[in-house]
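The structure under discussion appears below in the form of structure tokens.
Chain letters run A, B, ... following the sequence lines, proteins first, then strands; residues in each count from 1. Both backbone and side-chain heavy atoms feed into the values below; hydrogens, waters and symmetry mates do not.
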Protein chains: 2
Amino acid sequence: MDRLFHALADATRRDILRRCVRSGLSVSRLAEAYPMSFAAVQKHVTVLERAGLITKRRRGRERLVHTDPGAVDRARQALGELETAWRARVDRMSGLLADDPGPDPGPEAGSGDKETTEGQDR
Amino acid sequence: MDRLFHALADATRRDILRRCVRSGLSVSRLAEAYPMSFAAVQKHVTVLERAGLITKRRRGRERLVHTDPGAVDRARQALGELETAWRARVDRMSGLLADDPGPDPGPEAGSGDKETTEGQDR
DNA sequence: TCCATCTACAACCATTTGGTTGTAAGTTAA
DNA sequence: TTAACTTACAACCAAATGGTTGTAGATGGA
């Protein structure tokens with residue numbers, strides 16, 4: 001998770017992700033797009049790879065970079081958990097203001113508001 | 001955007017966000033929860049504040065930290081933009097295979113959640 | 001074969017990061 | 001006022017980051 005968000009915390013790397021969502025690009029082609037050395041771009045690609053955000057497929061002497069949508073979705077879900085907790089708080093407040101009989105199959109319904117506050121993030 | 005994701009790229013900071021979603025906590029209370037100095041936790045709070053992920057309200061001599069759900073949502077939307085581009089690509093491929101009677105409706109039933117897919121960095 | 005291209009990786013450097021300790025200032029309670 | 005508590009911030013340090021250059025291994029084409 002650290003690696004995932006760290007990889008996203010750089011404009012160049014986010015741009016690489018955008019360029020490689022639709023079709024794979026070789027590292028050389030990518031490097032042409034940025035005002036830095038080939039090796040620098042290669043390092044960015046390595047960071048993205050170790051974060052699981054991209055994979056490389058070889059084609060001839062090139063390595064085609066393409067982003068892994070699954071990893072992007074994983075990051076979104078992590079943020080979604082935070083939002084869910086916030087929404088639950090708002091819902092409680094709403095509940096106090098309205099006798100809402102609405103059928104609310106909440107995410108972790110049941111065990112009230114168990115203070116999860118334990119061990120960082122899995 | 002850099003600051004936003006950078007702030008999220010640390011387990012301690014993500015934990016602070018979780019703890020402060022439901023109710024504000026003073027920096028001192030937060031600091032008790034981690035195996036590091038008060039000043040270190042204070043620095044983490046500063047990083048989160050500069051990223052717009054939390055705000056501080058003063059109560060007496062304390063400063064209550066509480067997370068800003070809007071900022072979390074902003075990060076999700078940025079990731080949603082990436083996913084949308086990927087989904088468009090999958091949709092094109094689906095179009096090519098549309099004649100296939102395969103019993104595979106695909107995991108992403110297209111018109112799922114409309115993400116705003118708009119302005120982020122740049 | 002020889003050459004150009006693409007990639008990988010090491011060594012190096014400046015800056016940032018995450019942590020520490022110490023000092024000072026504002027606020028509440030006695 | 002004095003003492004305790006909470007916060008802010010500076011100075012310092014080791015390690016990581018983001019960039020550079022240089023060298024070397026594969027691969028494809030003339």
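Distances shown here put a side-chain N or O of A:Gln42 below 4.0 Å from the OP1 or OP2 atom of C:dA8. Contact annotation: B:Ser28 reaches the phosphate of D:dT7 (side-chain N/O to OP1 or OP2, under 4.0 Å).
Hydrophobic cluster membership is shared by A:Phe38 and A:Met36, with clusters built from Ile, Leu, Val, Met, Phe, Trp and Tyr side chains linked at under 4.5 angstrom. No chain of hydrophobic side-chain contacts below 4.5 Å, direct or via other Ile, Leu, Val, Met, Phe, Trp or Tyr residues, connects A:Val72 to A:Val47. Both A:Leu25 and A:Ile16 are part of a single hydrophobic cluster, where members link through side-chain heavy atoms under 4.5 Å apart.
Contact of the B:Arg14 side chain with the A:Phe5 side chain is registered, since non-hydrogen atoms from C-beta on lie closer than 4.5 Å. Side chains of B:Arg29 and B:Arg19 form no contact here, defined as non-hydrogen atoms less than 4.5 Å apart. At a threshold of 4.5 Å between non-hydrogen side-chain atoms, the residues A:Arg13 and A:His6 count as touching. Residues A:Arg63 and A:Val45 have side chains not in contact (no heavy-atom distance under 4.5 Å, counting atoms from C-beta outward). By the 4.5 Å heavy-atom criterion applied to side chains, A:Leu79 and B:Leu8 are counted as neighbours.
Residue A:Arg61 has its side chain nearest to D:dG28 when only D:dG28, C:dT7, D:dT6 are considered.
Nucleotide D:dA8 holds its C1' atom 15 Å from the CD atom of B:Glu62, rounded to whole Å. In this structure, B:Arg63 atom CZ and C:dA25 atom P are separated by 16 Å, rounded to whole Å.
Shown for residues 50-59 of chain A: residues whose heavy atoms fall under 4.0 angstrom of DNA chain D, namely A:Arg58.
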* To do: Starting at the 5' end of DNA chain D, write a dot or bracket for each base, bracketing those in Watson-Crick or G-U wobble pairs whose two distances are under 3.5 Å and using | for partners on another strand.
  => ||||||||||||||||||||||||||||||

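Contact between A:Ala7 and A:Leu53 at its shortest, heavy atoms only, is CB-CD1, 3.8 Å.
Here the rule is side chain to side chain contact (heavy atoms under 4.5 Å, CB included) with B:Leu48, and of B:Leu4, B:Thr67, B:Asp68, B:Ile54 only B:Ile54 fits it.
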* Along nucleotides 12-24 of chain D, 5' to 3', which nucleotides get a B, which get an S, and which get a -, given that the test is a protein heavy-atom distance under 4.0 Å? -> -----SSBBB---

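If you check every strand for non-hydrogen atoms under 4.0 Å, B:Thr46 touches nothing.
The closest side-chain donor-acceptor pair between B:Ser23 and B:His66, if any, does not fall under 3.5 angstrom.
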